[in-house]
A.B. asks: 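The structure under discussion is supplied below as structure tokens; questions concerning it will follow.
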Amino acid sequence: MPTKPARDAARAAIEAAVRAIPLGRVSSYGAVARQAGLPGRARLVGHVLRTSVDGELPWQRVLHADGRLAAPVGTALARLQARRLAAEGVAVHRGRVPAVHFAEQRDLDAALWRFGKEAASGRG
DNA sequence: ATTTTGACGACCC
DNA sequence: TGGGTCGCCAAAA
């Protein structure tokens, strides 16, 4: 009982949302927060990921809203994240991941772009 | 109890 | 593009 129930529930919801990001796709702190039922709590997501003890948590799939990695290019964390993403097929270029890799559709352009690719390759 | 910090993000120059 | 503001709020100082 040392911790507050509401906080634990929030943490659990956030970790669940992160685990729900499919392999090979990425999401953002803000999107994860919304998915966890905590709109506007992007910073809390960062906090939870930073302090999580779950070694299986695919934290590398969570990026900034603009596609940037969690940490600035050159830092150990950024290199680790890029490495882990590359291992699951997500290419990182100059510390960023293109919007196309995001699990949720960020904007109409991205959606149309993907639609075009998928339609062209006969898949939907 | 108060202040500062932080793996954020939308906005506005 | 790049940089500053403001809102959010859990932890740490």
Side-chain angles (χ1 to χ4, degrees):
Chain A
M1 48 269 278
T3 58
K4 286 198 170 183
R7 311 251 193 275
D8 286 347
R11 288 186 57 95
I14 287 169
E15 296 194 346
V18 172
R19 281 189 280 262
I21 304 170
L23 178 67
R25 316 291 282 301
V26 298
S27 189
S28 70
Y29 296 96
V32 167
R34 288 192 294 277
Q35 182 66 40
L38 300 163
R41 307 300 310 284
R43 303 188 75 148
L44 179 58
V45 174
H47 188 265
V48 167
L49 295 192
R50 186 172 65 92
T51 61
S52 176
V53 291
D54 184 349
E56 295 298 288
L57 198 66
W59 58 267
Q60 70 274 17
R61 297 174 196 161
V62 185
L63 314 173
H64 285 263
D66 60 7
R68 270 157 43 237
L69 296 176
V73 188
T75 63
L77 181 64
R79 289 197 310 258
L80 176 61
Q81 185 170 26
R83 191 183 160 74
R84 293 182 65 147
L85 284 173
E88 45 187 68
V90 177
V92 181
H93 187 50
R94 296 176 58 195
R96 314 171 114 240
V97 172
V100 195
H101 294 291
F102 276 72
E104 59 281 333
Q105 310 185 1
R106 307 182 46 53
D107 55 56
L108 195 54
D109 280 335
L112 290 174
W113 190 90
R114 288 188 54 186
F115 178 78
K117 291 285 284 192
E118 289 167 10
S121 63
R123 254 227 85 306

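Chain naming here is simple, since letters A, B, ... match the order of the sequence lines and numbering starts at 1 in each.
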A.B. asks: For residues 36-45 of chain A, which side-chain N or O atoms pair as donor and acceptor with protein atoms under 3.5 Å away, sequence neighbours left out?
C.D. replies:
none

A.B. asks: Using atom P in both nucleotides, what's the gap between B:dA7 and C:dC6 to the nearest angstrom?
C.D. replies: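 About 22 Å, rounded to a whole number of Å.
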A.B. asks: Determine, for nucleotides 7-13 of chain C in 5'-to-3' order, which nucleotides have protein heavy atoms under 4.0 Å from the base (write B), from only the sugar-phosphate (write S), or from neither (write -).
C.D. replies: BBSSS--
A.B. asks: Identify, residue by residue, the members of residues 52-62 of chain A with a heavy atom below 4.0 Å from DNA chain C, and return them in order of residue number, or none.
C.D. replies: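 Going residue by residue through residues 52-62 of chain A, none turns out to have a heavy atom under 4.0 Å of DNA chain C.
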A.B. asks: If you restrict it to nitrogen or oxygen atoms, what contacts under 3.5 Å exist between nucleotides 10-13 of chain B and the protein, and what is each distance?
C.D. replies:
none

A.B. asks: Can you sort out the partners of A:R34 under side chain to side chain donor-acceptor pair (under 3.5 Å), two or more places apart, ordered by chain and number?
C.D. replies: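 Here no residue qualifies.
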A.B. asks: Linking Ile, Leu, Val, Met, Phe, Trp and Tyr by side-chain heavy atoms under 4.5 Å, what else ends up with A:V53?
C.D. replies: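 A:V53 clusters with nothing; isolated.
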A.B. asks: Only pairs at least two apart or in different chains count here, so list each salt bridge (Lys or Arg N to Asp or Glu O under 4.0 Å) that has a residue in residues 85-95 of chain A.
C.D. replies: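 For residues 85-95 of chain A: A:R61-A:E88.
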A.B. asks: Under the ring pair (Phe, Tyr, Trp, His ring centres under 6.0 Å) definition, can you give me all pairs with a residue in residues 34-54 of chain A, not counting sequence neighbours?
C.D. replies: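 Every candidate ring pair (Phe, Tyr, Trp, His ring centres under 6.0 Å) pair involving residues 34-54 of chain A fails, so no pair, neighbours aside, qualifies.
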A.B. asks: Could you go over nucleotides 2-5 of chain B and give all protein N or O partners under 3.5 Å, atom names and distances?
C.D. replies:
none

A.B. asks: May I have all residue pairs that pass ring pair (Phe, Tyr, Trp, His ring centres under 6.0 Å) and include part of residues 12-31 of chain A, sequence neighbours excluded?
C.D. replies: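 Passing the test, one end in residues 12-31 of chain A: A:Y29-A:H64.
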A.B. asks: Can you name the residues that form a side chain to side chain donor-acceptor pair (under 3.5 Å) with A:R83, not counting sequence neighbours?
C.D. replies: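 A:R83 satisfies side chain to side chain donor-acceptor pair (under 3.5 Å) with no residue once adjacent residues are dropped.
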A.B. asks: Applying side chain to side chain donor-acceptor pair (under 3.5 Å), can you list everything that pairs with A:E15, at least two apart in sequence or on another chain?
C.D. replies: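 For A:E15 the side chain to side chain donor-acceptor pair (under 3.5 Å) partners, ignoring immediate neighbours, are A:S52.
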